[in-house]
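Worksheet: one structure, shown below.
This structure is a prediction, so every number in the text was calculated from the model and none was measured.
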Amino acid sequence: MRKFFATHEFVVVCVLVGLVLLIGAINPAFYSLGNLFSLLKGTVILGIFALGVLIVIISGHIDISFTAIAAFAMYCTGKLMLQFFPGAPLVAALLVAGVIGVLLGSVNALFVAWFRMPALIVSLGTASAIRGFMLAFIGVRIINNLPQAHIAFSRSHLLQLTDSTGRIVSLPTAFLLYAALAVLVWLLLRYTILGRGIYALGGDAVAAERAGFNVRGIQFFIFCFVGLLSGMAGVLHSTYMRNANPFDLVGTELGVIAAVVLGGASITGGKGSVFGTVVGVLFIVVVDNSLILAGIPSYWQRVVTGLIIVVSTAATALRTRAEARAAA
């Protein structure tokens with residue numbers, strides 16, 4: 001327990017609690033049940049993306065193609081389900097989108113693992129290629145008549161309560177999937193050889209290979225897993241919006257990376273935790289929500305997100321240097 005109080009994650013939790021108290025004091029509507037459920041709902045898509053990005057950053061890489069993969073998988077899945085399986089359950093759509101995501105993620109993996117190319121450059125290229133393909137062959141056509149399973153899932157909920165004004169508010173079922181994925185990634189990183197290999201790869205790829213880890217195999221898994229999560233996040237996003245817009249989700253990469261870095265993941269690799277990422281995601285959602293409640297223009301959200309990345313990276317670097325000096 002003492003160890004936790006000295007961690008970056010604990011500092012972020014304290015700052016988050018202070019921020020919540022400050023916002024609530026300025027605007028008591030922040031504490032309403034409806035706003036609480038809205039905040040939790042807002043963490044789902046961002047959080048699923050962040051779980052994938054966490055694994056990439058721990059391994060010492062950066063991937064920015066996940067939103068393009070999500071949008072492509074979301075649109076293609078909508079088309080395929082309407083054409084061939086209009087009555088299939090949402091699980092089928094998640095599986096189809098996951099397969100599409102894995103296939104696109106494997107392209108990144110091929111260039112990173114076999115051709116030793118920087119993941120940032122590769123993902124920048126694949127993201128541009130995917131968006132260019134969608135612009136050329138799809139344009140701005142939106143799928144508005146999603147399968148009934150999507151609509152039914154968007155109306156389902158884990159919890160439904162009545163707030164102080166008598167309005168019925170609910171926590172969507174999608175939050176359960178996010179929680180399950182967070183537990184899965186936590187178990188993967190903490191209790192498996194593969195998880196140890198991901199951390200080792202981020203610490204020193206050459207040393208990891210000498211230690212017997214299959215570096216190429218681990219890299220293939222990482223980028224395919226990111227594709228899987230991205231595809232699933234795309235489908236869940238379409239259930240939220242009740243349509244499939246091929247250019248939704250574009251521009252959210254910065255917020256996802258900010259959440260992961262804020263949660264304590266080292267941008268140079270080797271460090272990061274699921275708990276820190278979940279807290280970082282909640283922090284970003286709370287900040288965005290508070291800016292909206294305060295009536296501040298949306299472009300200031302990008303300013304705040306950029307500052308969060310810079311400050312979090314600097315804090316992690318300073319902590320790492322302090323630990324190195326203490327060890328010496």
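- Here the shortest heavy-atom pairing between Phe30 and Val20 reads CE2-CG1, 3.7 Å.
- In this structure, Leu22 CG and Ile26 CD1 are separated by 4.0 Å, a value rounded to the nearest 0.5 Å.
- Judged by distance alone, with hydrogens and angles left aside, the side-chain atoms of Tyr240 form a donor-acceptor pair with the main-chain N or O of Lys41 at under 3.5 Å.
- Contact check for Val278 versus Tyr178: side-chain heavy atoms found under the 4.5 Å cut-off.
- What you find for Val112 and Phe223 is that their closest heavy atoms are CG1-CE1, 3.8 Å.
- One hydrophobic cluster, built from ILVMFWY side chains closer than 4.5 Å, cannot hold both Phe66 and Phe72; they sit in different ones.
- Residues Ile48 and Ile257 share a single hydrophobic cluster, defined by chaining ILVMFWY side chains whose heavy atoms lie under 4.5 Å apart.
- Cluster membership check: Phe153 does not share its hydrophobic cluster with Met81, using side-chain heavy-atom separations under 4.5 Å among Ile, Leu, Val, Met, Phe, Trp and Tyr.
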Kindly indicate, with the supporting measurements, whether the criterion side chain to side chain contact (heavy atoms under 4.5 Å, CB included) is fulfilled by Thr67 and Val256. CA-CA 10 Å; Thr67 55; Val256 175; 5.7 Å; no

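- Here the straight-line distance linking atom CD1 of Ile168 with atom OG1 of Thr162 works out to 5.0 Å at 0.5 Å rounding.
- Trp186 and Tyr191 have perpendicular rings, their planes meeting at more than 60° on a 0 to 90° scale where under 30° would count as parallel.
- Separating the CD1 atom in Ile142 from the CG atom in Asp248 is a distance of 7.5 Å, to the nearest 0.5 Å.
- Residues Val91 and Leu95 have side chains in contact (heavy-atom distance under 4.5 Å, counting atoms from C-beta outward).
- Aromatic ring pairs are classed by plane angle as parallel below 30°, tilted from 30° to 60° and perpendicular above 60°; the pair Phe111 and Phe115 is tilted.
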Step by step, would you call Leu177 with Leu94 a side chain to side chain contact (heavy atoms under 4.5 Å, CB included)? CA-CA 11 Å; Leu177 181 58; Leu94 291 172; 4.3 Å; yes

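- Residues Phe49 and Leu104 are members of separate hydrophobic clusters, defined by side-chain heavy-atom contacts under 4.5 angstrom among Ile, Leu, Val, Met, Phe, Trp and Tyr.
- Of the possible polar contacts, one joining the Ser59 side chain to the Val56 backbone as a donor-acceptor pair under 3.5 Å is found.
- A chain of hydrophobic side-chain contacts below 4.5 Å, direct or via other Ile, Leu, Val, Met, Phe, Trp or Tyr residues, connects Leu307 to Ile23.
- Closest approach of Ala97 to Gly231, counting heavy atoms only: CB-O, 3.3 Å.
- In this structure a side-chain-to-backbone donor-acceptor pair under 3.5 Å is missing from Glu209 to Ala207.
- Checking side-chain atoms of Tyr199 against main-chain N and O of Gly272 turns up a donor-acceptor pair under 3.5 Å.
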Check the pair Val261 / Ile267 against side chain to side chain contact (heavy atoms under 4.5 Å, CB included), numbers first and verdict last. CA-CA 7 Å; Val261 174; Ile267 205 74; 3.8 Å; yes

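- Using modelled atom types, one side-chain atom of Ser273 and one backbone atom of Gly276 make a donor-acceptor pair closer than 3.5 Å.
- Counting non-hydrogen atoms of neighbouring residues, nucleotides and ligands closer than 6.0 angstrom, the CZ atom of Arg242 exceeds 12 such neighbours.
- Inter-residue side-chain proximity for Arg167 and Leu33 is flagged as unmet; no heavy-atom pair is nearer than 4.5 Å.
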Go through it in stages, so that I can follow the logic: the residues are Leu201 and Ile222, the test is side chain to side chain contact (heavy atoms under 4.5 Å, CB included), and I'd like the CA-CA distance, side-chain angles, deciding distance and then a yes or no. CA-CA 11 Å; Leu201 188 61; Ile222 289 169; 4.3 Å; yes

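- Nearest heavy-atom pair, Ala205 versus Val215, reported as atom, atom and distance to 0.1 Å: O-CG2, 4.0 Å.
- Under a 3.5 Å cut-off, the side chain of Thr43 and the backbone N or O of Leu40 do form a donor-acceptor pair.
- Inter-residue side-chain proximity for Arg141 and Met134 is flagged as unmet; no heavy-atom pair is nearer than 4.5 Å.
- Atom-to-atom distance recorded for Ser238:OG and Leu90:CG is 7.5 Å, nearest 0.5 angstrom.
- Of all non-hydrogen atoms in Gly101 and Ile69, the two that sit nearest each other are CA-CG2, 3.8 Å.
- Screening Asp63, Val226, Val107 for a side chain to side chain contact (heavy atoms under 4.5 Å, CB included) involving Ser123 leaves a single residue, Asp63.
- Counting only distance, with no hydrogens or angles, the side chain of Ser290 and the backbone of Val286 share a donor-acceptor pair below 3.5 Å.
- Sparse packing is recorded around CZ of Phe85, with 12 or fewer heavy atoms of other residues, nucleotides or ligands lying under 6.0 Å away.
- Of all heavy-atom pairs spanning Ser154 and Thr239, the tightest one is CB-O, 3.0 Å.
- Ser170 and Arg155 share no donor-acceptor pair across their side chains, judged by distance under 3.5 Å alone.
- Inspection of the Asn289 and Ser38 side chains reveals no N or O donor paired with an N or O acceptor under 3.5 Å.
- In this structure the side chain of Phe247 never reaches within 4.5 angstrom of the side chain of Ile138, judged on heavy atoms.
- Side-chain contact check for Phe220 versus Trp114: some heavy-atom pair is nearer than 4.5 Å.
- The CD1 atom of Ile62 sits 5.5 Å away from the CG atom of Leu120 when rounded to the nearest 0.5 Å.
- Side chains of Val287 and Leu19 form a contact here, defined as non-hydrogen atoms less than 4.5 Å apart.
- Using a 4.5 Å heavy-atom threshold, the side chains of Ile198 and Ile55 count as touching.
- Summarising the geometry, atom NE2 belonging to His237 is positioned 13.0 Å from atom OG belonging to Ser230; distances are rounded to the nearest 0.5 Å.
- With Leu194 as the fixed residue, the side chain to side chain contact (heavy atoms under 4.5 Å, CB included) test singles out one of Leu189, Leu188, Asn214: Leu188.
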